[in-house]
Structures are given as C-alpha cells and as structure tokens.
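Just so you know, ligand 1 is whichever comes first in the structure, and atom 1 is the first atom listed for that ligand.
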Amino acid sequence: MTMLSLLVTAILVKSALCSAPSGPWDPFNLAPESRTVYALAIHGVNGTVLDASNLVGEKGGCAILAGDGSYVTLDFGYEVGGLISLNVDETSEASSLALSFTESPLYISPLTSDDSAAQSANMSYDGVLYLPTPLKIAYWTMPPARLRGGFRYLTIVSKSVSSVTVSNVSLAITFSPHVEDLRDYMGYFYTEDPTYFDADFLTKLWYSGAYTVQAATVAVDTGRQDPPVQSPGWANNATAGIAGPIIVDGAKRGRAVWSADLGLAVSTQFVSTNDLVPTRNAISTLFNEQNPVTGELPYSGPPLSEQGSDTYQAWTLIGTYNYYLYSGDYAWLEEIWSNFTKAMQYLENKVDDTGLLNVTATGDWGRLWQGGLNSEANAIFYRALLNSAEIATYMNDSTLAATYISKATTLKTQFNKAFWLSDEGMYRDNTTSTLCPQDANSLAVLFNLTMSAEQASSVSAGLTRYWNAYGAVSPELPDNIAPFIGAMELQAHFVSGNDARAMDLLHLEWGYMLYTPISVQSTLLEGYTSNGSLYYRSYDGYNYDASFTSHSHGWSTGPTSALTFYVLGLTVTSPMGQTWAVAPHTSGLSFAQGGFETPLGWFGVEWSLDGANFTILLEMPKGTNGVVTVPIQGSVSLDGQKVDVEGDILVTGGNHTIVVYN
Ligand SMILES: *[C@@H]1O[C@H](CO)[C@@H](O)[C@H](O)[C@H]1NC(C)=O
Ligand SMILES: *[C@@H]1O[C@H](CO)[C@@H](O)[C@H](O)[C@H]1NC(C)=O
Ligand SMILES: *[C@@H]1O[C@H](CO)[C@@H](O)[C@H](O)[C@H]1NC(C)=O
Ligand SMILES: *[C@@H]1O[C@H](CO)[C@@H](O)[C@H](O)[C@H]1NC(C)=O
Ligand SMILES: *[C@@H]1O[C@H](CO)[C@@H](O)[C@H](O)[C@H]1NC(C)=O
Ligand SMILES: *[C@@H]1O[C@H](CO)[C@@H](O)[C@H](O)[C@H]1NC(C)=O
Ligand SMILES: *[C@@H]1O[C@H](CO)[C@@H](O)[C@H](O)[C@H]1NC(C)=O
Ligand SMILES: *[C@@H]1O[C@H](CO)[C@@H](O)[C@H](O)[C@H]1NC(C)=O
Ligand SMILES: *[C@@H]1O[C@H](CO)[C@@H](O)[C@H](O)[C@H]1NC(C)=O
Ligand SMILES: *[C@@H]1O[C@H](CO)[C@@H](O)[C@H](O)[C@H]1NC(C)=O
Ligand SMILES: *[C@@H]1O[C@H](CO)[C@@H](O)[C@H](O)[C@H]1NC(C)=O
Ligand SMILES: *[C@@H]1O[C@H](CO)[C@@H](O)[C@H](O)[C@H]1NC(C)=O
C-alpha cells in the first residue's frame, strides 16, 4: 500500500457504509424490523388456558391460565433471543407463573427449558424461570442476568391452582445491541435453484447464515456463566471479553468466544452486515490472554479461557488475517503484530525436522485422534503460514514473509509425502493411520495442499463416500454430522471445480438443517447425528444432553460466504477490495446477483446464463481493479469491445459488461 492509499483508507474507514440495494431478496432477510417482537402463533395449550390466541401479536388482549400445570406455548416463528416482558392483569396471593424456553419443539415442557447451562446429561438443570411471588399486577420483565439467548418457543405455565391473567407478552431482542436497524445489511445475494423442491433455498440459506451470526453477536456482559452460578437455572451475565459487542459461538450457548468459529463467521459477517467490530473484539480478547512466555493463545474466551489446541491456535491466526483482509484495519494489526508473531512462533516450535507440525496440544473441534503428525492440523498450519507471510508483507517485514513462505513450501511437499494414500486417492489422518478424514481432505483442497487439479478432484470425489441422507458424516467423529467441517468440504468441491457436488451437499446437509421440523427453520444447527437426530459431540468425554445442542451456531454458516465467493464468484484479494476477483461458478443456475459494501464502495455482480451465452454486469468502486474469470468458453466482449481471452480478464473499477457468446 502507498502512503496516499493508506491515508485515503484511514479517512474512508471512518465513513458510514451504505446499505445493499433492496429487491426481491428482502423478504428472505430474517432479522426483525423492530427490537420488540411478539409471538406469531400459539404452538399449543394444555390444561385450561382461555383466550390463548390473545397472546399472539401486539394485540393487548388477555389470556387466563387456570389450574396447576396449565400452560400455553407461544411460537415466535423463528430463532429469537432476549428478555421477555408481560403484563400480569389479575392474580391472587397464591398464584404462581413460570416460563420455559426451547429452540427445538422436541423439548417444549412446562417443567424445564432446553439445556444451555450444564455440561451434563441433565436436561432438567435449566428448569423454568419463576416470576417473583406473590405475583403483582404489573408489567414485568425478566432479570437481565436470566436473558435467554436463543429460542423459538416460549411456554408460560401456571404453577398453582389459583388462576392468573396475563397479556402483552413481548420479547426485547438483545443481540447485536449496537445495531440500530437489524435488517440493514451491507450485502445481499439472490438466485433461484430450479433443481431443489424450494427454488428460493439458496437465497434463504444465505440469509439464514447472516442472521445466525447476528444472533451470536452480543453485549460483552451477556456471556454464559460456565460453570453455572445459578442452580438450577442459567445465567447469561458473564463477561465474554475485553470489549463489546463481541461475537460468540452460538446464541443460546456457549455464548463465549471460540477461535475456530471465527474462521468462518467473519466471512459471513463480511458479505452480509460487514459489521466486523465484534470479530475484532473477539480476536483481541484471545490475544490479550496470550501466555507471555510460550505464546500460546486460549482457544476460547472468558469465562472459559481454555488453552491446549494447536489447530485452534492456527485458526485464530487465520481469523486475524481474514479480519484484516476484510476491514483494512491497519492500526489494529500493528497493535497485535508482536503477539501475532509470537503465536506463530509457538506453532513453529512444534515443527519437526521434516517440516511437519507435531501436534502436542490436542484440543480441536470435537474430532477424535488429534495429535502427533496430524494432517488436519498441518493443513490449517499451512494456511496460517501463507496468511502470515502476507501480513508480514503488509508489515514491511519481507525477511519474515520469506521465512513463512519457505516453511509453507517445505510443509506442502512433506504433507503429500506423509499423508497421501494413492490407493484411496485421499489423505490419511496421520502417519500411522489409514483413516481418511473429512476435515484434512477438505482443507487440503481448500487451502491448496494438493499438487494438481486431478488430485483435488480425486479428494472431492472421495469425500462423497461419507454422505448419507442427512449430510456428510465425519469419520473422525463417528456418527456426527459437523457443518463446520461440512463448510470446508463445500468449499473444497467448489475450489476443485465440482460445482454439482457442492450443490448436492448444500441440498443434503443445509437443506436438512433449514427445513427439519425438529430445529428452528431459520438459524443453523451446531451439529447433529448421522440419522438426523439432535445430538452433537458424543465422543468428547462429556455426556451432553441432546437439548444442549445449539440451533444457532456461527460455524455452520459457511454457505453464506460460499454463495457469495463461489456462486456469485466475488472475492476481495487485498484489504477491503482494493483488488478483487470475480469467478462465477454457475452450478446449474441460470442467474445470480449480489454484492457487498466495503469502505471503498459497493461491489456488485449480476450474471446470467442464457443458452450458450453468459453475461456478467459489474459495478465496482472507482480506483480498484480486479480479475474476471468467465465460467464458459466462447467469444468474449468487454463493454462491447471484443477481447482476446487467454484465461483472466483485467478490469478496473466502474461499471462493466462482459459477454461470452457462442
Ligand atoms: C397436559 O396436562 C395433563 C393434566 O393437566 C397432564 O396429565 C399431561 O401430562 C399434560 N401433557 C403434557 C404434554 O404436558
Ligand atoms: C439435575 O439437575 C437438578 C437441578 O440442579 C438436580 O436436582 C438433579 O439432581 C440433577 N440430576 C442429575 C441426574 O444429575
Ligand atoms: C406492553 O409491552 C410493551 C413492550 O414490552 C411495553 O412497551 C408496554 O409498555 C406494555 N404495555 C403495558 C400496558 O404495560
Ligand atoms: C449473575 O447472575 C446471577 C443470578 O442468576 C447472580 O447470582 C450473580 O451474582 C450475577 N453475577 C454478576 C457478575 O453479576
Ligand atoms: C499481548 O500479550 C500480552 C500477554 O502476553 C498481553 O498482556 C497484551 O495485552 C497482548 N497485546 C494485545 C494487543 O493483545
Ligand atoms: C511429537 O512430539 C512429542 C513430544 O515432544 C514426541 O514425544 C513425539 O515423539 C513426537 N512425534 C513425532 C511423530 O515426531
Ligand atoms: C493416528 O490416528 C489413529 C486413528 O486412525 C489413532 O488411533 C492414533 O491415535 C493417531 N495417532 C496419534 C499420534 O494421535
Ligand atoms: C510499512 O510501510 C508503509 C509504507 O512505507 C508505512 O506507511 C507503514 O507505516 C509501515 N508499517 C510499519 C509497521 O512499519
Ligand atoms: C496452488 O499451489 C500451486 C503450487 O503447488 C501454485 O502454483 C498455485 O498457484 C496455487 N494456487 C492458488 C490458487 O494459490
Ligand atoms: C439416531 O441416532 C442416535 C444417536 O446415535 C440414537 O440414539 C438413536 O437411537 C437413533 N435413532 C434412530 C431412529 O435410529
Ligand atoms: C448468443 O449471442 C449471439 C451473439 O450475440 C446471438 O446471436 C445469439 O442469439 C445469442 N443466443 C441466445 C440464446 O441468446
Ligand atoms: C453503475 O451502475 C449503477 C447501477 O446501475 C448506477 O447506479 C451507477 O451510477 C453506475 N455508476 C457509474 C460510474 O456509471
């Protein structure tokens, strides 16, 4: 970057971003118009509840709950989170009222909420939230510490034979507290998918991921107390980091910073809201707690602040790179740079004399058998080395950049020697294993550890052996479908040019998550079992209750950025998009449009495929430049002028039309 462009950048960063254009994609935006929302429907009543339907919407009418155990379950229609308020209009000395919450309708109960607080197979831990007795005729709001971060269903239950009359049940949304208009996105995506039962699926999924990340962006003092301080019950009044708002792993739980989650959620944020400060606060929180002697970073934020994961150490460094690439926040990069290099050194110290990372801190995303010369960890470390080289260049340290690149080059050679099983056409888990894991194979393609296009395609094909009717079952975490790793696989299919396979995986895995009636049909599950049931990480030593699973988890939102980066084809290749690339993957679709705003301006792409002709309209900020790769062969024109294409077309900022015709 030149001095002038840095100066321009500094000025632009301060200016407000403009919103994405409106259009037929707006109805798919799940974020509510107001921070105060009301139930959309009555899910059910049991016992004696009169006029329950008065509790739907902003009506003001009353409902009467009569009899011990009578209850009404309100359906907010999609994942929400925050503080419930209601009016108690008539009551007696002996009346008693309680609330329970759940994401999945499977756990609707007048006795307990779904599990958010306890790391045990004890679903009854969360329990119900009692209103203080004796009940007063008053407008009541949940105590802030008892904020419920993620739910779709609210059950109001009478806990006494004496009846009670309530009205005006509302929810104050507490997530993304710094955002005035939750629907005001800086990016959009729109297409139609004629091959799936719901042609709007891909557009819905894009917005589902965006909203999932918004729901996991919280005020810093609303982290989850872990271990629980309230017994029974939950408390979301822990300090989750050094500054807020902050991005955490999930809306209901764990409501803590988790490093690997950032590897994906930051890209979702970038293409949708471009609200990156919560990510900066999360990464700063991890750097702030760095071990000053070893350079090790915690892999989760407070109150957990656990250490002991080489893979997550590398994900934090990759997340740091992504944050800088998207934000151009050079001042922050300078601030954390010495901590960053120290964190890299911590990993470099574990490299053996062949050039491979020997994992000794074995914490990971839940998989089994991490440790030693592990291929997944080496793939992530390879990416961290290359990202670090680029950051070192921005930091004017060309010597260090060269060192990182040289280490990466050696690693790539050794990786292929140590892990490639030619009989399988895939990579193995470690040097004494024959297991071909989903994570390492997906990452090897995504991060370009493969040596040829054929090898990448072989891995892409090999990964389908783990597919069943619900998604891709990770052999390294048997019986589990892990959308965090699924998102790596999704990108690997696009990167290797196997777009149809990427679409199949979207339909299988994310189609299941978005439409299954056992989830929230809005935000995305943390994980589930190979038969589609709710349970995740059965093998990590904890005996979780199935209801502990999060239905709104940032690490499952990979499709949002994948649809923008691959299907639309739009990526930035230097900070904030001073340089960019457009390389659409048509993937069986006839059109796609979308884009995003950065401090440099609006980056818009619209493409359509009509018979054998392909047209692409670009609207890029002045002063930027980029490379366009067209997805089909033919004669090419740029703004009406025929161009000779041997591969890529160089284009400057402004509005352009490129046509490929046959
Ligand atoms: C409904 O209420 C009845 C009696 O009050 C009780 O026996 C039954 O278990 C309740 N059903 C559910 C699903 O809670
Ligand atoms: C489950 O939690 C409740 C509330 O804390 C407690 O009373 C009960 O003993 C626990 N049950 C088990 C099996 O741990
Ligand atoms: C009804 O609830 C809304 C939202 O919480 C609140 O602003 C309003 O004051 C309540 N109405 C009454 C009469 O208390
Ligand atoms: C958090 O909330 C719980 C009540 O659920 C309370 O006991 C505790 O003191 C609160 N802690 C802080 C730090 O406010
Ligand atoms: C760097 O790490 C030290 C602890 O090793 C910490 O005190 C400091 O806050 C960190 N710096 C930044 C910018 O995070
Ligand atoms: C990895 O490091 C550990 C601890 O230093 C050592 O015991 C082990 O032999 C190393 N493994 C390999 C494959 O180099
Ligand atoms: C290598 O992977 C196998 C499973 O395929 C596992 O049993 C073994 O523990 C792993 N080795 C190390 C050093 O972790
Ligand atoms: C790197 O060089 C640029 C251009 O000379 C300068 O503006 C910037 O401050 C330098 N960065 C550091 C960390 O020295
Ligand atoms: C992938 O790596 C090869 C070297 O093995 C390199 O030539 C190629 O440019 C890389 N591809 C990308 C997209 O970085
Ligand atoms: C689905 O898988 C879970 C976890 O392995 C198991 O407990 C359950 O019995 C299975 N359900 C069916 C219908 O097979
Ligand atoms: C494709 O473009 C060519 C050249 O402009 C035109 O003759 C032809 O009709 C177009 N085909 C379609 C299907 O629009
Ligand atoms: C580019 O196209 C957009 C949308 O059609 C339009 O609003 C804008 O003014 C155009 N910009 C230039 C520089 O022509």
>> Please check whether Asn358 reaches ligand 6 - meaning an N/O of the residue sits under 3.5 Å from an N/O of the ligand, judged on distance alone.
In response: yes
> Without hydrogens or angle criteria, can the side chains of Thr268 and Thr557 be said to hold a donor-acceptor pair below 3.5 Å?
Replying inline: yes
>> Considering both backbone and side-chain atoms of Asn288, is one of its nitrogen or oxygen atoms within less than 3.5 Å of a nitrogen or oxygen in ligand 5?
In response: yes
> Short list, please: which atoms of ligand 6 are under 4.0 Å from a heavy atom of Leu373?
Replying inline: 13 (C)
> Judged by modelled atom types alone, do Gln290 and Glu296 share a side-chain donor-acceptor pair under 3.5 Å?
Replying inline: no
> If you draw a 6.0 Å radius around CG in Asn655, do more than 12 non-hydrogen atoms from other residues or ligands fall strictly inside?
Replying inline: yes
> Taking only heavy atoms of Pro292, which atoms of ligand 5 are found under 4.0 Å from at least one of them?
Replying inline: 5 (O)
> Taking 4.0 angstrom as the limit, do Asp439 and Arg367 come out as a salt bridge?
Replying inline: yes
> Where's the contact between Glu335 and ligand 5, heavy-atom distance under 4.0 Å: side chain, backbone, both or neither?
Replying inline: backbone
> Within the side chain of Thr598, is there an N or O that forms a donor-acceptor pair under 3.5 Å with the backbone of Leu600?
Replying inline: yes
> Where is the tightest heavy-atom contact between Lys642 and Ser635, given as atom of each residue plus distance?
Replying inline: NZ-CB, 4.4 Å
> Quick one: OH on Tyr188 to CD on Gln593, what's the gap to the nearest 0.5 Å?
Replying inline: 4.0 Å
> Near Phe287, which atoms of ligand 5 are under 4.0 Å from a heavy atom of that residue?
Replying inline: 1 (C), 2 (O), 10 (C), 14 (O)
Note every protein N or O atom lying under 3.5 Å from an N or O atom of ligand 11, pairing the names and giving the distance.
residue, atom, partner, partner atom, Å
ligand 11, 2 (O), Asn613, OD1, 3.4
ligand 11, 2 (O), Asn613, ND2, 2.3
ligand 11, 11 (N), Asn613, ND2, 2.8

> Is there any N or O on Gln290 that sits under 3.5 Å from an N or O of ligand 5?
Replying inline: yes
> Does atom CD of Gln633 have more than 12 heavy-atom neighbours, drawn from other residues, nucleotides or ligands, at distances under 6.0 Å?
Replying inline: no
>> Is the ring pair His585/Phe494 parallel, tilted or perpendicular, if the boundaries are 30 and 60 degrees?
In response: perpendicular
